[in-house]
2 protein chains.
Amino acid sequence: MIKYEMIANKIRERIQKGEYAEDTLIPDQVTLSKEFGVSRMTVKKAMDILAMEGLIFRKRGSGTYVKKNALLNSSDSNAMEYEGLTKQLSGYKVEGKAISFNVEFPDEKIREALQLEKNDPVYNIVRLRLVDGKPYVIEHTYFPTALVPGLTEEILNKSVYEFIHQNLGLSFGGAYRKIQAVKPSEYDKKYLACQENDPVLEVEQIVHLEDGTPFEYSRSRNRYDTRSYTIVDIQRRQK
Amino acid sequence: MIKYEMIANKIRERIQKGEYAEDTLIPDQVTLSKEFGVSRMTVKKAMDILAMEGLIFRKRGSGTYVKKNALLNSSDSNAMEYEGLTKQLSGYKVEGKAISFNVEFPDEKIREALQLEKNDPVYNIVRLRLVDGKPYVIEHTYFPTALVPGLTEEILNKSVYEFIHQNLGLSFGGAYRKIQAVKPSEYDKKYLACQENDPVLEVEQIVHLEDGTPFEYSRSRNRYDTRSYTIVDIQRRQK
DNA sequence: AAGTGGTCTAGACCACCGC
DNA sequence: CGGTGGTCTAGACCACTTG
């Protein structure tokens, strides 16, 4: 439908197939605009996408090049996701187990994270995730009840995010995350089967809706030996 | 100079000053294009920047809104940086101390990370960073000697990245990072003053040049009680 | 000097929202 | 239905690299 996306897809395919080899020039924008029968602006928008993906880089006056190792680093949807584990680890057997599911008034920290008043109730959910039968992560999650009406334990055992998308029609606008190494709590020792001196990888996150409303506050505590966070950071503007 | 950047700057300023309040509509693109005396396409490009920064969001048929909490989350240049600590912690007293500085042939892991052959030498640098006199992080860094000719211990004690930019004229294209919680090594205990059961936050990174050439491989081992990683993740496309 | 990518225009059509 | 933002065009000028 959208031309510049289709062109980006075709060029990306050519890079992946090796038709446009790594570390070489690709055809210039005028040539491509003729090939695809579009204006040069449209070709440029397609190139902008591929540059954001880290596949190509451009030198004014010189041309557009395929990056070295373009294919290596093209893991496009990695750890920058809040889709929950269900999607991230497709292929493994992922089980969720709700440990507790309550409603309460938020404490100071959660009030601030979710921008709530003292008497705005929140769900307090603790879930243990198992991968191939072994404990993987404990997630402590808080949603304002006003934003997620009708949450049930049954939904928790499926995918909360799917429910939010499908049934409530809400979309996400971004997230703020903080990653730390911490010492294990009693909770961690009990459910994650941590030893006293095993570190824990904690990911604290605040997820926002499209309009900026804080929507979820959570702390994920991961076993140190099975979980790491990866980030692919592509430089978008050269100085 | 560049119109769409100047317009983005002006609109951003108005948001920051509260002239365009959070959670309200801003003037439509036609109105703005008249105000600034430019075409609508140019206004849209300015808006694209602000949307990428997470300040605004747009609804087709409805208008352009300032996000709730737009000002809160507008920490634009946070942990997605490879500028070294010198810039990140301006205001504190940051000292660097080179523990070792050698040249060697790379082992298997480093060969792969930096895409080198068996006999391509690398610098092997170990540095301890102190903040306000207290140990903060140990960095184990490897550069291919071919890419950073003329590195000296003196440069290490200033800023390696400045040297690379200024003297070698190279620019960065991105980085791949992996964050883990690990147990302390003997090195960590000695230099970071870690206790036996203190966790360590390890950030492993591969930095690339603009053309995709791997350029630096490093492992930063941080004291768990003074360092965390923050990531601001803005959703760029709505489905 | 020729060729490249970056910016910008004036206008067009479309999809979508709200009245 | 009018107004919004998204896409697209054909052409122009500019900054820059390379021969």
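Atoms considered below: every heavy atom in the structure, side chains included; atoms not considered: hydrogens, waters and symmetry mates. Lettering of chains follows the sequences in order, A, B, ..., and the numbering in each one begins at 1.
Here A/R219 pairs with A/E202 under the salt bridge (charged side-chain N to carboxylate O under 4.0 Å, His left out) rule; sequence neighbours left out. Residues passing the salt bridge (charged side-chain N to carboxylate O under 4.0 Å, His left out) test with A/E104, sequence neighbours excluded: none. Scored by the side chain to side chain donor-acceptor pair (under 3.5 Å) test, A/S33 finds no partners at all (sequence neighbours excluded). Partners of B/K118 according to the salt bridge (charged side-chain N to carboxylate O under 4.0 Å, His left out) rule, which considers only residues two or more places apart in sequence or in another chain, do not exist here. For B/K59, the side chain to side chain donor-acceptor pair (under 3.5 Å) criterion is met by A/E210, not counting sequence neighbours. Qualifying side chain to side chain donor-acceptor pair (under 3.5 Å) partners for A/T145, counting only residues two or more places apart in sequence or in other chains: none.
C/dG5 atom P lies 13 Å from atom CG of A/L50, rounded to whole Å. We find that CE of B/M41 is positioned 12 Å from C1' of C/dG6, with the value rounded to whole Å. Here the P atom of nucleotide C/dG3 and the CG atom of A/D28 are 10 Å apart, to the nearest Å. At whole-Å resolution of the value, CG in B/D48 and P in C/dC8 are 13 Å apart. Atom CG of A/L25 and atom P of C/dG5 are 8 Å apart (whole Å). Rounded to an integer number of Å, the gap from NZ of A/K45 to C1' of D/dA10 is 16 Å. In this structure, B/M47 atom CE and D/dT7 atom P are separated by 15 Å, rounded to whole Å.
DNA chain C lies under 4.0 Å from at least one heavy atom of each of the following residues of residues 31-40 of chain B: B/G37, B/V38, B/S39, B/R40.
The pair B/D28-B/R40 does not meet the salt-bridge criterion, since no charged nitrogen lies less than 4.0 angstrom from a carboxylate oxygen.
Listed pair A/Y4 / D/dT7 meets the phosphate criterion, a side-chain N or O lying under 4.0 Å from OP1 or OP2. Phosphate proximity of C/dT9 to B/K3: present, with a side-chain N or O under 4.0 Å from OP1 or OP2. Put simply, A/Q29 has a side-chain N or O that comes within less than 4.0 Å of OP1 or OP2 on C/dG6.
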Using a cutoff of under 3.5 Å, can you pull out all pairs of nitrogen or oxygen atoms linking the protein to nucleotides 14-19 of chain C, with atom names and distances?
unit_1 : atom_1 : unit_2 : atom_2 : d
C/dA15 : O4'    : B/R60  : NH1    : 3.0

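Pairs passing the ring pair (Phe, Tyr, Trp, His ring centres under 6.0 Å) check and including a residue from residues 16-52 of chain A, sequence neighbours excluded, do not occur.
Taking only side-chain atoms of A/I2, from C-beta outward, the nucleotide of D/dT9, D/dC8, C/dG5 with the closest atom is D/dC8. Taking only side-chain atoms of A/R58, from C-beta outward, the nucleotide of C/dT7, D/dG6, C/dG5 with the closest atom is C/dG5.
Applying the 6.0 Å contact sphere to CD of B/E35 captures more than 12 heavy atoms from other residues, nucleotides or ligands.
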